[in-house]
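A quick write-up on the structure given underneath.
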Number of protein chains: 2
Amino acid sequence: MKDVAAAAGVSLKTVSRVVNGESNVNDDLRSAVLESIAELGFRRNASARDLRQGRSGTIGLLLEDVADPFYSMLSRAVEEVAREHGTMVFAGSSAEDPDRERDLALAFCERRVDGLIIVPAGTSHSYLLPEMRAGIPAVFVDRPPGDIEADMILTDNLGGSRRGVEHLLGHGHRRIGFIGDAPEIYTAGERLRGYREALESAGIAFSDDLVTQAPPSPTSTADALDRLLEGPSPATAVLCGNSRTTVSVLRELARRSARLALVGFDDVELGDLLQPGLTVVAQDPGAMGAAAARLLFQRIAGDTAGPTQTVTIGTRLIPRGSGELPAP
Amino acid sequence: MKDVAAAAGVSLKTVSRVVNGESNVNDDLRSAVLESIAELGFRRNASARDLRQGRSGTIGLLLEDVADPFYSMLSRAVEEVAREHGTMVFAGSSAEDPDRERDLALAFCERRVDGLIIVPAGTSHSYLLPEMRAGIPAVFVDRPPGDIEADMILTDNLGGSRRGVEHLLGHGHRRIGFIGDAPEIYTAGERLRGYREALESAGIAFSDDLVTQAPPSPTSTADALDRLLEGPSPATAVLCGNSRTTVSVLRELARRSARLALVGFDDVELGDLLQPGLTVVAQDPGAMGAAAARLLFQRIAGDTAGPTQTVTIGTRLIPRGSGELPAP
DNA sequence: CCGTGAGATGACAACGTTGTCAACGCTGTT
DNA sequence: AACAGCGTTGACAACGTTGTCATCTCACGG
């Protein structure tokens with residue numbers, strides 16, 4: 001910038017004004033400056049600007065895994081909203097590791113992001129309190145934060161799960177299994193609650209025998225199906241608590257050539273092309289990301305007065321065949 | 001930092017030394033400083049550090065679409081390598097729009113990223129020359145840059161496509177169609193070349209009637225299939241030039257209850273669960289991302305002397321059923 | 001003809017950090 | 001006892017930008 005000023009024969013400040021598109025600059029000077037900028041290939045240094053202005057035009061996005069379709073759609077939605085605000089996005093994957101989550105979040109803060117969007121992996125987020133007090137707003141997505149109050153965007157896990165079970169009940173099933181993720185994961189717990197409530201509302205006793213809670217893996221899935229299908233009155237339907245579980249169950253069912261009515265929580269690409277088509281309770285990761293980003297930018301803009309908000313995004317049941325298999 | 005220095009009763013520089021883990025600091029002072037840091041909730045300001053040091057510990061990743069599984073896997077691989085280098089990743093989607101690509105790339109440069117990884121959308125990248133001369137290395141992935149020389153990581157599109165066609169030939173097919181993306185997309189062109197070469201090596205005349213080049217959409221796919229299946233000697237097999245096309249073709253085939261031997265270029269989640277399983281020429285987005293990041297960090301580390309490199313990542317043919325349907 | 005105000009321009013400090021260099025105290029040698 | 005050498009510490013400038021404020025020019029009205 002100094003060089004540009006020298007080349008154009010003006011002061012530093014005038015170059016700054018031109019670069020920032022301020023109106024009160026003489027047209028001749030402006031063109032001289034623009035010419036020098038083009039000639040020298042000048043590009044403003046954002047670090048210096050950030051330092052001076054105390055804000056970075058940057059937000060941090062902390063996901064479980066950037067490569068997971070659910071999060072990558074969420075991520076894209078966040079990016080679009082950020083773009084509208086002239087903001088760039090740092091994205092990082094916590095890999096479900098609380099320490100890594102913390103490191104990433106604090107690294108984002110060190111970079112002086114204007115705000116954070118977090119899919120929490122850990123159960124304690126008090127480490128963010130100093131940062132939030134220092135003016136970095138945080139919005140949590142998909143799962144609530146551990147031990148602090150903050151804005152959240154959640155899926156209607158309970159309602160969606162309930163709806164999925166009711167759908168199976170509506171097709172005559174009475175022995176309905178639930179295979180979900182590890183119980184310490186918030187969404188897994190909520191979805192199990194929905195399953196339970198639906199059964200109870202229908203006057204069906206909840207039975208531990210029909211429930212599996214474990215991270216999806218070929219062996220845990222095989223075990224879960226063994227338990228569901230053994231005994232005198234085997235399950236005739238199952239609700240899968242997340243898409244990885246759903247896929248895992250589908251593979252195992254295919255291997256056994258077994259058939260089971262199935263509703264998956266969270267949609268899966270190509271679900272419509274399977275035989276039968278996969279019935280799902282679809283979440284809307286795009287809507288979640290957009291809602292989170294919008295709320296975050298509202299906070300960044302200074303709307304920091306109100307109480308913390310919780311936005312719940314609804315689910316949509318998409319019948320494609322697997323959930324409509326009748327009970328025998 | 002000034003406050004920390006005051007609280008600990010030492011100079012600014014000593015705090016700096018402690019924060020940076022330099023060894024030559026008295027243990028008593030060090031603990032005093034650490035204590036003050038904890039007490040005040042101090043976090044180093046990365047903008048100031050970047051400004052002073054002239055580097056940002058940051059790279060820019062420019063993709064077509066963060067939400068596309070291929071790119072999101074690539075993205076995750078880049079993130080992992082960046083993590084090893086203590087570097088954060090800015091990710092942005094060009095949405096296949098050259099202007100948006102340019103804006104994003106230059107915004108990254110303004111942020112003084114240490115390097116760029118780009119999946120190019122546009123055909124001209126000379127706008128990067130000043131930046132590259134200014135010391136920001138760039139690695140192109142999946143497609144070559146437009147009108148500049150630079151490092152690239154490419155899939156073996158030609159070889160993979162050839163291999164896919166040979167696979168179909170091996171199962172007795174002689175009328176093999178090709179449905180690919182718009183011809184101006186580099187990968188689409190290469191894959192068409194591979195298709196052509198495989199046919200020619202087998203002594204089969206190339207026929208325009210069997211080839212469609214268009215962005216995948218329900219109507220273009222329906223048209224393409226119409227053309228393939230009409231006439232006295234319809235196609236008995238098809239090579240799909242990318243995964244969106246593959247999915248689109250699968251949907252259309254399901255709608256028509258038509259059967260066609262099919263090999264898809266690029267893998268698709270759940271391909272193994274379809275009936276028949278989907279045979280694909282699988283790319284390895286993770287390997288591409290990792291290779292790109294590694295090469296980039298090599299360049300960042302100063303290995304800027306050598307000529308530009310082109311790394312070609314091989315493909316893998318995964319037979320699952322659809323590509324092994326015999327010719328009638 | 002002078003005073004006033006509006007608009008353009010520039011000088012300068014400040015943002016928070018780190019590299020450079022000088023000063024200091026201590027140990028061990030001559 | 002003087003001094004070299006080493007390790008620790010701090011003062012200060014610099015990174016590139018922008019906010020503040022002062023200065024300057026010009027037009028206009030009294």
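Side-chain N/O atoms of A:S11 include none lying less than 4.0 angstrom from OP1 or OP2 on C:dT9. For the OP1/OP2 pair of C:dT9 and a distance below 4.0 Å, the side-chain nitrogens and oxygens of A:T14 include no atom meeting the criterion.
By the side chain to side chain contact (heavy atoms under 4.5 Å, CB included) test, B:S56 pairs with B:D50, B:T58, B:D114, sequence neighbours left out. In terms of the salt bridge (charged side-chain N to carboxylate O under 4.0 Å, His left out) criterion, B:R49 has no residue partners (sequence neighbours excluded). Residues satisfying the salt bridge (charged side-chain N to carboxylate O under 4.0 Å, His left out) criterion with B:R143, sequence neighbours excluded, are B:E64, B:E96. Take B:A107 and apply the side chain to side chain contact (heavy atoms under 4.5 Å, CB included) test, not counting sequence neighbours, and it matches A:M88. Applying the side chain to side chain contact (heavy atoms under 4.5 Å, CB included) rule to A:E22 yields the partners A:R17, A:N20, A:N24; only residues at least two apart in sequence or on another chain are considered. Judged as a side chain to side chain contact (heavy atoms under 4.5 Å, CB included), and not counting sequence neighbours, the contacts of B:S126 are B:S124, B:L129, B:D147, B:I148. Scored by the salt bridge (charged side-chain N to carboxylate O under 4.0 Å, His left out) test, A:D284 finds no partners at all (sequence neighbours excluded). Applying the side chain to side chain donor-acceptor pair (under 3.5 Å) criterion to B:E80, with sequence neighbours excluded, gives A:R100, B:R76. Partners of B:D151 by salt bridge (charged side-chain N to carboxylate O under 4.0 Å, His left out), not counting sequence neighbours, listed by chain and number: B:R299.
Across every non-hydrogen atom of B:E101 and B:Y127, the tightest pair is OE2-OH, 2.7 Å.
Atom CG in A:N24 sits roughly 12 Å away from atom P in C:dG10 (whole-Å rounding).
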- Message: I need a per-nucleotide contact map over nucleotides 12-19 of chain C, read 5' to 3'. Cutoff is protein heavy atoms under 4.0 Å; write B for the base, S for backbone only, - otherwise.
- Response: -BBBBBBB

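Using a 4.0 Å cutoff on non-hydrogen atoms, the parts of residues 28-41 of chain B near DNA chain D are B:L29, ordered by number.
Rotation axes derived from the C1' atoms of the five outermost pairs at either end of the helix from C:dC1-D:dG30 to C:dT30-D:dA1 lie 60° apart, to the nearest 10°.
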